[in-house]
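The next block holds one structure in the form of structure tokens; read it before the comments.
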Amino acid sequence: MDDYYVRPAKIKDIDFLVETIIEAEKSGSEILSYTSIFGLSEIEARKYINKMLNEEVDGCDLSVSSFLIAEKEGQLAAALSMWVEGLDGELPSSELKGNLLIHCLPIEAFEYAKKVSHHFSDLHIECEPGTLCIGGGYVAPAHRGKGLLKTLNEKHIINAMKLNPPPHEVFAQIFSNNLPSIKTYEKLGFEQIAVYSSKYANIKEFFPSDKKILLRKQI
Amino acid sequence: MEKKEIKSKLTDIFRTEFNDETLVIVEEMTAKDVSNWDSLSHALMIADVESVFSIKFKLKELNKIKNVGVLIDLIESKLAE
């Protein structure tokens with residue numbers, strides 16, 4: 001892997017984790033759900049994602065502890081979040097994320113979101129308890145083509161297999177427009193098991209695509 | 001405020017935020033029992049609870065709400081503060 005070093009993320013990595021979450025949410029498009037749903041600017045969205053990560057809650061895609069980082073010569077190159085859903089009796093990741101959102105975002109953001117929230121449930125995929133769930137991944141442009149997402153994926157799985165009981169499945173949720181990401185995961189042994197489609201005509205104002213693909217790998 | 005009234009107001013909030021006018025809340029209810037309970041509807045539900053009951057939850061308190069019964073108890077204790 002060319003002198004790249006993989007390690008758990010720390011609070012000092014937060015700026016890179018914010019970048020990871022933003023780029024993963026955009027999923028290869030220009031649409032960022034944090035801005036479109038909550039009426040925030042991208043600068044504001046970054047500020048609030050930073051604030052949510054700083055709470056150091058475990059068990060969701062806004063957890064520092066869910067991220068592994070690849071770095072080379074002190075430069076952060078890639079990050080990927082994965083967690084075991086409901087580990088040690090924790091709340092579902094969707095509730096942990098919801099709690100972080102209400103705790104950290106301004107109340108005006110929810111007045112905005114209230115007007116449109118009912119349209120999004122078709123694209124919600126709940127994580128199964130006891131399974132390994134992939135959050136967001138990102139490779140900095142200068143470090144692409146080096147197999148870093150594959151390496152981070154494998155390291156996450158190795159770590160998870162040490163748990164008692166270990167998970168037996170890994171799930172990834174990818175918007176259908178993000179063909180490179182879907183192909184990457186298929187090369188890693190994931191298979192498409194379901195497609196979730198939104199019936200809302202304006203869904204692409206809020207999300208990168210009107211379809212979300214659920215992929216699974218047995219481990 | 002009595003638990004009965006808390007439960008009644010909570011029912012209204014749940015029916016609105018989870019878009020189900022027939023929803024009946026029970027103490028053992030969790031997210032897996034309710035359609036449309038995702039991170040956004042969860043956050044909106046909590047925002048409504050805080051507004052309707054004029055209370056504010058700490059993050060630690062929110063992350064201990066395992067079911068509707070715990071939420072009702074927490075609302076009751078916050079109102080008594």
Side-chain angles (χ1 to χ4, degrees), chain A residues 25 33-34 36-38 48 51-52 54-63 85-86 88-129 135 173 196 198 206-207 212, chain B residues 9-23 25-75 77-79 81:
Chain A
E25 286 283 321
S33 57
Y34 282 99
S36 55
I37 293 172
F38 295 107
Y48 294 120
K51 192 175 175 190
M52 289 188 280
N54 261 295
E55 292 294 339
E56 295 194 82
V57 166
D58 297 326
C60 68
D61 59 340
L62 293 168
S63 305
E85 182 73 3
D88 297 332
E90 263 168 13
L91 289 181
S93 54
S94 56
E95 286 183 50
L96 292 169
K97 183 171 182 173
N99 290 339
L100 281 166
L101 288 170
I102 191 62
H103 183 70
C104 296
L105 267 58
I107 197 63
E108 302 79 45
F110 292 96
E111 290 307 314
Y112 192 93
K114 224 184 198 351
K115 296 173 194 164
V116 292
S117 65
H118 292 313
H119 298 297
F120 304 149
S121 56
D122 288 340
L123 293 179
H124 172 67
I125 309 173
E126 191 70 17
C127 295
E128 285 295 317
Q173 302 179 19
Y196 290 72
S198 173
F206 302 95
F207 292 105
K212 207 187 254 189
Chain B
K9 287 179 187 281
L10 205 55
T11 299
D12 290 340
I13 292 169
F14 270 54
R15 286 179 174 176
T16 301
E17 289 311 335
F18 301 121
N19 205 23
D20 182 357
E21 282 304 311
T22 65
L23 200 150
I25 62 169
V26 295
E27 298 208 343
E28 303 76 29
M29 183 178 270
T30 65
K32 62 178 171 55
D33 302 314
V34 181
S35 301
N36 308 322
W37 194 327
D38 56 26
S39 57
L40 180 57
S41 56
H42 177 87
L44 289 168
M45 181 271 290
I46 296 292
D48 276 357
V49 168
E50 290 182 333
S51 171
V52 165
F53 293 102
S54 299
I55 56 178
K56 186 77 183 151
F57 296 115
K58 295 176 187 161
L59 183 59
K60 232 187 242 187
E61 290 171 332
L62 289 170
N63 287 343
K64 288 183 180 158
I65 300 173
K66 298 249 181 234
N67 58 38
V68 169
V70 173
L71 176 58
I72 292 171
D73 289 344
L74 183 57
I75 294 168
S77 73
K78 299 293 267 188
L79 289 172
E81 278 176 5

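Values below: every heavy atom of this structure, side chains too, minus hydrogens, waters and symmetry copies. Convention: sequence-line order gives letters A, B, ...; per-chain numbering from 1.
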Look up atom [atom1] in [X] and atom [atom2] in [Y], then write down how far apart they are to the nearest 0.5 Å.
X: His124(A); Y: Gln173(A); atom1: NE2; atom2: CD; result: 8.0 Å
X: Ile65(B); Y: Ile75(B); atom1: CD1; atom2: CD1; result: 7.5 Å
X: Thr11(B); Y: Lys9(B); atom1: OG1; atom2: NZ; result: 11.5 Å
X: Asn99(A); Y: Lys64(B); atom1: CG; atom2: NZ; result: 12.5 Å

Interchain contact, Lys56(B) with chain A, by part (heavy-atom threshold 4.5 Å):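 The side chain, not the backbone.
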Heavy-atom proximity to chain A below 4.5 Å, by part of Thr16(B):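 For Thr16(B), the contact with chain A is made by the backbone alone.
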Most chain A-contacting option - heavy-atom pairs closer than 4.5 Å, from Trp37(B), Phe57(B), Phe18(B):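 Heavy-atom pairs under 4.5 Å are most numerous for Trp37(B).
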Chain A interface, residue from Asn63(B), Thr30(B), Asn19(B) that has the most non-hydrogen pairs under 4.5 Å: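 With the most close heavy-atom pairs to chain A, the winner is Asn63(B).
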Within the 6.0 Å centroid threshold, strictly below: Tyr34(A) and Tyr48(A):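 Not close enough - the centres of the two rings lie 6.0 Å or further apart.
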Segment of Ile37(A) engaging chain B (4.5 angstrom heavy-atom cut-off):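 Interface part for Ile37(A): side chain.
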Contact origin within Glu126(A) toward chain B - heavy atom pairs under 4.5 Å: side chain
Measure across [X] and [Y] and return the closest heavy-atom pair with its distance rounded to 0.1 Å.
X: Phe53(B); Y: Leu79(B); result: O-CD2, 3.5 Å
X: Cys104(A); Y: Glu55(A); result: SG-CG, 4.1 Å
X: His118(A); Y: Glu17(B); result: CE1-O, 3.8 Å

Part of residues 40-50 of chain B lying next to chain A, heavy-atom separation under 4.5 Å: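 Those residues of residues 40-50 of chain B which have a heavy atom under 4.5 Å from chain A are Leu40(B), His42(B), Ala43(B), Leu44(B), Ile46(B), Ala47(B), Asp48(B), Glu50(B).
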Lys78(B) vs Glu61(B) side-chain heavy atoms within contact, under 4.5 Å: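 Answer yes - side chains close enough.
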